Amino acid sequence: MPFLIGLTNKPINAKKMTMKILFTPLLILTVVCSAHTQNPATQKQLDSIINEANRLYYYEKTVWHATDLLMEDPSILTHFGGYVVNLSEETITVTFAHENANDRIAVYRFNYEELEKPFEIQKKTKTLEPAEKKLLDTKMKVMSQLGNEDYAIGWPEGFSPNFILLPETNGFKFYLIMGASESGVIPFGNDYVFVTDNDGNITNWKKFHSRLIPGETHGPNGEPVNLLIHSHLMNSPFISATDICTFRLYAPNYGIDEFKVLCIATSSYYTYSIKTNSITVESIIMVMY
């Protein structure tokens, strides 16, 4: 399907895939020792990662479907000027702003139990609510700072960024994750999180992967795959919430249920399963060569 740059990117004509394993090349020989019960500190960390991944996924999944609906109405779409999302305890609200950045042109509300179909739609131009205006202004302010050369943000043809703004107690988190406009690939990597103060000024940031890691859903001879693996360097000691969000968005289109991350810092494989929405851990011995 067509898509709006900076709004949403999802695959088109995706086919469900089965069987065969595709391994991302690694410069490490690994031997799995054992799966083990997590100590409380590690389990708390994994639970936190799942919770953050859930927030990212709810945000992006509803934006995808709200965008599809918005694009069915060209008269409204011509006034598109951005979007914001509010994740409350009961509902997820996707608000599309007017190009004047003061009004809203459409609102789509979803339940957490049904992320593909909004239970309420409003298509009326009216002034943005104060909370919506704050989110939109903050999002635009953070985006205006992303040209800093230290961040080295860029992406190859066929991929483009999706932006996720999440309120925190004393500011915001602004995530950048990759979207793929064509089918056949899961766009891991090239993902960032920027931490800001209440005014949207970036105070800290992290890049989770050193580059884009396209997870190919076909082998070299066109055979389907059912497991993807990539590795994390020392500065990313766990599987990331961005990894999980991206996987949940794309993998169901290809019949893939799990992916693994080899984390050098913790000498562990982290396996995420869509079916259980959980992470399991295996300790490993690593022999460098």
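Keep in mind the model is a prediction, meaning the values are calculated, not measured. Computed over heavy atoms, backbone and side chain alike; hydrogens, waters and symmetry mates excluded. Positions are given from 1 along the sequence.
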K.L.:
So which of Lys134, Lys133, Lys139 actually passes salt bridge (charged side-chain N to carboxylate O under 4.0 Å, His left out) with Asp137?
P.N.:
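Exactly one option meets the salt bridge (charged side-chain N to carboxylate O under 4.0 Å, His left out) with Asp137, and it is Lys133.
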K.L.:
Looking only at heavy atoms, what is the nearest atom pair of Ala106 and Tyr108, with distance?
P.N.:
CB-CE1, 3.7 Å
K.L.:
Using the ring centroid of each side chain, check whether Phe110 and Phe119 are separated by less than 6.0 Å.
P.N.:
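No, the ring of Phe110 stays outside the 6.0 Å limit from the ring of Phe119, centre to centre.
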K.L.:
Is the centre of the Tyr250 ring less than 6.0 Å from the centre of the Trp64 ring?
P.N.:
yes
K.L.:
Can a donor-acceptor pair be found, under 3.5 Å and without considering hydrogens, that links the side chain of Asn190 to the backbone of Gly154?
P.N.:
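Yes.
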K.L.:
What pair of heavy atoms forms the shortest contact from Asp243 to Phe259, and how long is it?
P.N.:
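For Asp243 and Phe259, the tightest heavy-atom pair comes out as CB-CZ, 3.7 Å.
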K.L.:
Mark yes or no for whether Asp199, through its side chain, and Asn201, through its backbone, hold a donor-acceptor pair below 3.5 Å.
P.N.:
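No; zero donor-acceptor contacts below 3.5 Å.
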K.L.:
Do Ile244 and Tyr270 touch side chain to side chain, with heavy atoms closer than 4.5 Å?
P.N.:
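Side chain of Ile244 against side chain of Tyr270, heavy atoms only: no contact under 4.5 Å found.
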K.L.:
Got a second to check how far Ile153's CD1 is from Lys207's NZ, nearest 0.5 Å?
P.N.:
8.5 Å
K.L.:
With a 4.5 Å heavy-atom cut-off, do Lys61 and Leu249 have their side chains touching?
P.N.:
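Side chain of Lys61 against side chain of Leu249, heavy atoms only: contact under 4.5 Å found.
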K.L.:
Spell out, as yes or no, whether a donor-acceptor pair under 3.5 Å connects the side chain of Thr91 to the backbone of Thr93.
P.N.:
no
K.L.:
Between the side chain of Ser268 and the main-chain N/O of Thr266, is any donor-acceptor distance below 3.5 Å?
P.N.:
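Checked: pair present.
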K.L.:
Check Thr246 against Pro187 and note the closest heavy-atom contact, atom names and distance.
P.N.:
CG2-O, 3.6 Å
K.L.:
Is it true that Gln43 and Gln45 share a donor-acceptor pair across their side chains at a distance under 3.5 Å?
P.N.:
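Per modelled atom types, Gln45 and Gln43 side chains form no pair under 3.5 Å.
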K.L.:
Check whether any side-chain heavy atom of Thr242 sits under 4.5 Å from a side-chain heavy atom of Leu56, and report yes or no.
P.N.:
yes
K.L.:
Say you draw a straight line from OG1 of Thr127 to CG of Asn102; how long is it, rounded to the nearest 0.5 Å?
P.N.:
7.5 Å
K.L.:
Can you tell me how far the OG atom of Ser267 sits from the CD atom of Glu282, to the nearest 0.5 Å?
P.N.:
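Between Ser267 OG and Glu282 CD, I get 13.5 Å after rounding to 0.5 Å.
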K.L.:
Are the side chains of Cys245 and Ile177 in contact, using a 4.5 Å heavy-atom criterion?
P.N.:
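Sidechains of Cys245 and Ile177: in contact.
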K.L.:
Rounded to the nearest 0.5 Å, how far apart are CD1 of Ile76 and NE2 of His98?
P.N.:
10.5 Å
K.L.:
Tell me yes or no: between the side chains of Tyr175 and Glu52, is some donor less than 3.5 Å from an acceptor?
P.N.:
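Indeed, the side chains of Tyr175 and Glu52 share at least one donor-acceptor pair under 3.5 Å.
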K.L.:
Would the Tyr192 and Phe174 ring centres measure less than 6.0 Å apart?
P.N.:
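No, too far apart.
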K.L.:
Could you go through Leu128 and Leu136, starting from their C-alpha distance and side-chain angles, then the distance that decides it, and tell me whether this counts as side chain to side chain contact (heavy atoms under 4.5 Å, CB included)?
P.N.:
CA-CA 9 Å; Leu128 286 166; Leu136 183 64; 3.8 Å; yes
K.L.:
Tell me if a side-chain donor or acceptor on Tyr254 pairs with a main-chain N or O of Gly184 at a distance below 3.5 Å.
P.N.:
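Answer holds: yes.
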K.L.:
Scan side-chain atoms only and decide if Lys206 and Asn235 contain a donor-acceptor pair under the 3.5 Å cut-off.
P.N.:
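Result is no, nothing qualifies.
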K.L.:
Could you tell me whether the side chains of Glu258 and Thr271 share a donor-acceptor contact shorter than 3.5 Å?
P.N.:
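Thr271 and Glu258 do not have a side-chain donor-acceptor pair below 3.5 Å.
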K.L.:
How many angstroms lie between OG1 in Thr67 and CD in Glu60, if you round to the nearest 0.5 Å?
P.N.:
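Reported to 0.5 Å precision, the distance equals 8.5 Å.
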K.L.:
According to a 4.5 Å side-chain heavy-atom criterion applied to Ile, Leu, Val, Met, Phe, Trp and Tyr, with indirect links allowed, do Tyr59 and Val195 form part of one hydrophobic cluster?
P.N.:
no
K.L.:
On a heavy-atom basis, which atom in Leu165 and which in Pro167 lie closest, and how many Å separate them?
P.N.:
O-CD, 4.0 Å
K.L.:
Over all heavy atoms of both residues, which pair between Glu90 and Asn111 is shortest? Give the atoms and the distance, please.
P.N.:
O-OD1, 4.1 Å
K.L.:
Taking the side chain as C-beta and beyond, is there a heavy-atom pair between Val94 and Val107 under 4.5 Å?
P.N.:
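No, too far: nothing below the 4.5 Å cut-off.
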K.L.:
Between Glu114 (side chain) and Glu116 (backbone), is there a donor-acceptor pair under 3.5 Å?
P.N.:
yes
K.L.:
Give a yes or no answer on whether the side chain of Ser236 reaches the backbone of Leu233 with a donor-acceptor pair at less than 3.5 Å.
P.N.:
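No: the side chain of Ser236 does not pair with the backbone of Leu233.
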K.L.:
Might you work through the salt bridge (charged side-chain N to carboxylate O under 4.0 Å, His left out) test for Asp103 and Lys126, ending with a clear yes or no?
P.N.:
CA-CA 5 Å; Asp103 298 327; Lys126 59 182 296 186; over 6 Å; no
K.L.:
Check whether any side-chain heavy atom of Phe159 lies under 4.5 Å from a side-chain heavy atom of Val185, and answer yes or no.
P.N.:
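Phe159 vs Val185: side chains touch.
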K.L.:
Below 30° counts as parallel, above 60° as perpendicular, anything between as tilted: where do the rings of His232 and His230 land?
P.N.:
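Answer is tilted, since the angle falls between 30° and 60°.
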K.L.:
Are any non-hydrogen side-chain atoms of Val281 and Leu46 less than 4.5 angstrom apart?
P.N.:
yes
K.L.:
Which value, rounded to the nearest 0.5 Å, describes the distance between Ser240 atom OG and Phe188 atom CZ?
P.N.:
9.0 Å
K.L.:
Between Asn162 and Met178, is the side chain to side chain contact (heavy atoms under 4.5 Å, CB included) condition met? List the steps.
P.N.:
CA-CA 6 Å; Asn162 294 318; Met178 284 290 101; over 6 Å; no
K.L.:
Looking only at the side chains, is there a donor atom on one of Asp191 and His209 sitting less than 3.5 Å from an acceptor on the other?
P.N.:
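Yes, side-chain donor-acceptor contact under 3.5 Å.
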K.L.:
Any donor-acceptor pair under 3.5 Å linking the side-chain atoms of Asn54 with those of Arg248?
P.N.:
yes
K.L.:
Is a donor on one side and an acceptor on the other found under 3.5 Å between the side chain of Gln145 and the backbone of Gly200?
P.N.:
yes
K.L.:
Backbone N or O of Ile256 within a donor-acceptor pair of the Asn226 side chain at under 3.5 Å?
P.N.:
no
K.L.:
For the residue pair Phe172 and Leu166, establish whether any side-chain heavy-atom pair is separated by less than 4.5 Å.
P.N.:
no
K.L.:
Test side chain to side chain contact (heavy atoms under 4.5 Å, CB included) on Ser160 and Trp155 and set out the steps.
P.N.:
CA-CA 6 Å; Ser160 56; Trp155 52 89; 4.0 Å; yes
K.L.:
Search all heavy atoms of Phe247 against all heavy atoms of Asp257 and return the closest pair with its distance.
P.N.:
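Of all heavy-atom pairs spanning Phe247 and Asp257, the closest is CE2-O, 3.5 Å.
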K.L.:
Under the side chain to side chain contact (heavy atoms under 4.5 Å, CB included) criterion, do Leu227 and Lys260 qualify, and how do the steps go?
P.N.:
CA-CA 8 Å; Leu227 178 66; Lys260 290 180 178 286; 4.2 Å; yes
K.L.:
Determine whether the side chains of Ser48 and Asn51 contain a donor N or O and an acceptor N or O closer than 3.5 Å.
P.N.:
no
